[in-house]
**Student:** 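Dumping the structure here so I can ask a few things about it.
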Amino acid sequence: MPGAYTGPLEKVGPCQWKIPRSYREDMRVDGLIFADDTLIEQIRRDQGPEQVANVATLPGIQRASLAMPDIHWGYGFAIGGVAATDPEQGGVISPGGVGYDINCGVRLLRSDLSWDDARPHIKRLVDQLYRDIPTGVGQSGRYSFRPDELSELMSKGSSYVVDRGWGAPRDLEFTEAGGRLDDARPDLVSPRAFARGADQCGTLGSGNHFLEVQVVDRVIDDQAAGVMGLREGMVTLLIHSGSRGLGYQVCDDHLAMFRDAPQKYGFTLPDRQLACAPVLSPEGQSYLGAMRAAANYAWCNRQLLTHQARLVFERIFGESWAALGLDLVYDVAHNIAKFEDHDVGDDLRKSLCVHRKGATRAFPPGHPEIPRKYHEIGQPVIIPGSMGTASWVLAGQAGSMAQSFGSSCHGAGRMMSRTAAIKLADGRRIDKELDAMGIIARARGHKGLAEEQPAAYKDVDQVVEVVDSVGISKKVARLRPVGVIKG
DNA sequence: ATGTCC
């Protein structure tokens, strides 16, 4: 893990820190990090800010290279970064700006179960979830798709699995982009990626992926929470997963394809991991088509995880999931690139390629791309905390369009490398520590739990406070975990 | 994040 950032960070607002374009000759725009005084000290301990400056050198980048308060060092781009490029100005698309886990994201389900109803069954519930939902690296699941089926799945997204009976039509309405990016190109997904994806749809994966049973701990905005169906003391379910081995392979394949692109298209990069190609080049179009296919696969994955979890709830509580009110509040991507209309100054509005890597879309009230149900309150922004800590539901606000290309943060944000976290755990039984906090944890091994222990992450409450105070999304409700399954 | 090295 590289050392601390030593370059400039100018405080330009209560929660805004600028890396001026003058810092390096190759920067095309400023860097801008949203953080308070405490978080910025944690942020400058790794090379995340230098990566924000690196991204500011990309051809066609607009306004500024942005980072959320949960930013930390990642592959090429920092995790927690937002960058928008203009295709008409040679703007690039970069796999590193999306991340290896294409369309990693979270979905939140609400229920009519109160914690009082669920408490006597919680151990059985978590054990059954752990038995029935495949977790862990390389694991396959109960669903298997032939290549022709997988191709259709990647073209159609969530509607493919809903049409096969694994969900309800209403789930689609409450999934970002309806659970499907248009113009997906499964034909540009490699045979190797197909092979890895065939039996992994409907599996959780490992690392920070999890499925968590929670209780609404505190409601901050009564109106917004009411519209989302969230009330204090009610049980919720949070699912955090992505595109598994298929998305990883799509990313890897295209990083190799992009290796010589800078030379071919005549630009230089400060870091090879920023590998990218113009949006309007054959290489760029190939990645975008394959990325959309992988993104659609990830939505199918979360939809199948949802279906399996609903079946477990039905078995434990003896009622249909519909009767239990296990409805989808919303599903958001936090590793993705999308084309969206944004202001670029001088009253100009253009379609930009918005990279969000560890950042969540946070469209404001009235935005045409959010469900009608949420028009008055803004798009739900789901923020998973680290294991054993709170998660948050926020709602997108107008400030996101003005300041962050319609984006907000995505989680607590790692503060410690995985190896450092294992060292810190020093054999401590994290599952027993969680148990003492009233959280049942089930995982395949102790190592994964050590890597994900709360001390390895920033304080999610603090992160959320920043995005609330700068007006890009507002706090709606806080959720506390009562049971978690992990890979 | 990831069949944590094809």
Side-chain angles (χ1 to χ4, degrees), chain A residues 1 46 48 51 70-81 94-106 134-141 144 150 189-211 239-257 259 273 275 287 290-291 294-295 297-299 301-302 305 332-337 355-360 384 386-387 410-423 443-453 456-457 485-487:
Chain A
M1 192 81 150
D46 68 24
Q51 293 186 310
D70 49 338
I71 173 192
H72 61 100
W73 181 82
Y75 182 91
F77 288 57
I79 296 158
S94 175
V98 170
Y100 264 92
D101 190 5
I102 294 166
N103 190 5
C104 184
V106 277
T135 66
V137 66
Q139 282 300 303
S140 48
S144 183
L150 199 49
V189 171
S190 68
R192 203 159 154 196
F194 264 81
R196 294 181 72 169
D199 55 9
Q200 286 193 335
C201 208
T203 67
L204 197 57
S206 68
N208 63 359
H209 290 166
F210 63 78
L211 184 148
I239 296 171
H240 182 192
S241 189
S243 50
R244 311 287 288 100
L246 183 141
Y248 180 98
Q249 194 62 48
V250 165
C251 179
D252 220 33
D253 291 342
H254 284 83
L255 284 170
M257 182 194 287
R259 207 185 47 200
Q273 294 187 351
Y287 173 69
M291 182 212 71
Y297 179 94
W299 274 312
N301 185 35
R302 291 197 288 279
L305 289 165
V332 289
H334 54 224
N335 279 12
I336 205 161
H355 298 71
R356 296 194 180 95
K357 182 192 194 177
T360 310
S386 56
M387 182 182 64
H410 90 304
R414 200 164 257 289
M415 192 162 64
M416 197 180 282
S417 70
R418 292 182 183 281
T419 36
I422 291 168
K423 203 171 160 191
R444 293 180 82 83
H446 301 306
K447 193 172 136 229
L449 287 172
E451 287 176 351
E452 297 301 319
Q453 62 179 302
Y457 283 84
I485 71 167
K486 291 192 60 64

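Numbers restart at 1 for each chain; the letters A, B, ... are given by sequence-line order, proteins then strands.
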**Student:** Roughly how many Å is it from CG in A/Asp101 to P in B/dT4, rounded to a whole number?
**Tutor:** 15 Å
**Student:** Using whole Å, report how far CG of A/Leu255 lies from C1' of B/dT2.
**Tutor:**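 Value for this atom pair: 13 Å.
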**Student:** Could you check how far CZ of A/Arg244 sits from P of B/dT4, rounded to whole Å?
**Tutor:** 12 Å
**Student:** To the nearest Å, how far apart are A/Gln249 CD and B/dC5 C1'?
**Tutor:**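 In whole Å, B/dC5 C1' lies 13 Å from A/Gln249 CD.
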**Student:** Could you tell me whether A/Gln200 contacts a base, only the sugar-phosphate backbone, or nothing, with contacts defined as non-hydrogen atoms closer than 4.0 Å?
**Tutor:** sugar-phosphate
**Student:** Over all strands shown, is A/Gly245 touching base, sugar-phosphate only, or nothing at heavy-atom distances under 4.0 angstrom?
**Tutor:**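 Answer is sugar-phosphate: A/Gly245 comes under 4.0 Å of backbone atoms only.
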**Student:** Would you check if A/Asp101 and A/His209 make a side-chain contact, meaning some heavy-atom pair closer than 4.5 Å?
**Tutor:** yes
**Student:** Using the test ring-ring contact (aromatic ring centres under 6.0 Å, His included), find all partners of A/His334 that sit at least two apart in sequence or belong to another chain.
**Tutor:** A/His240, A/His410
**Student:** Side chain to side chain contact (heavy atoms under 4.5 Å, CB included) with A/Ser140: which residues, sequence neighbours excluded?
**Tutor:** A/Asp199
**Student:** Between A/Asp252 (CG) and B/dT2 (P), how many Å, whole number?
**Tutor:** 13 Å
**Student:** Output the rounded distance in Å from CD (A/Gln139) to C1' (B/dT4).
**Tutor:** 15 Å
**Student:** Assess the side chains of A/Tyr100 and A/Asp252: does a donor N or O sit below 3.5 Å from an acceptor N or O?
**Tutor:** yes
**Student:** What nucleic acid atoms does A/Gly207 come within less than 4.0 Å of, heavy atoms only: base, sugar-phosphate, or nothing?
**Tutor:**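 Contact class for A/Gly207: sugar-phosphate only.
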**Student:** Is the phosphate of B/dT2 approached by A/Ser206 (side-chain N or O, under 4.0 Å from OP1 or OP2)?
**Tutor:**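 Looking at the OP1 and OP2 atoms of B/dT2, one of them is under 4.0 Å from a side-chain N or O of A/Ser206.
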**Student:** Find the distance A/Arg444:CZ to B/dT4:P and express it as a whole number of Å.
**Tutor:**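 Roughly 14 Å, once rounded to whole Å.
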**Student:** Nearest-Å distance, NE2 (A/His209) to C1' (B/dT2)?
**Tutor:** 10 Å
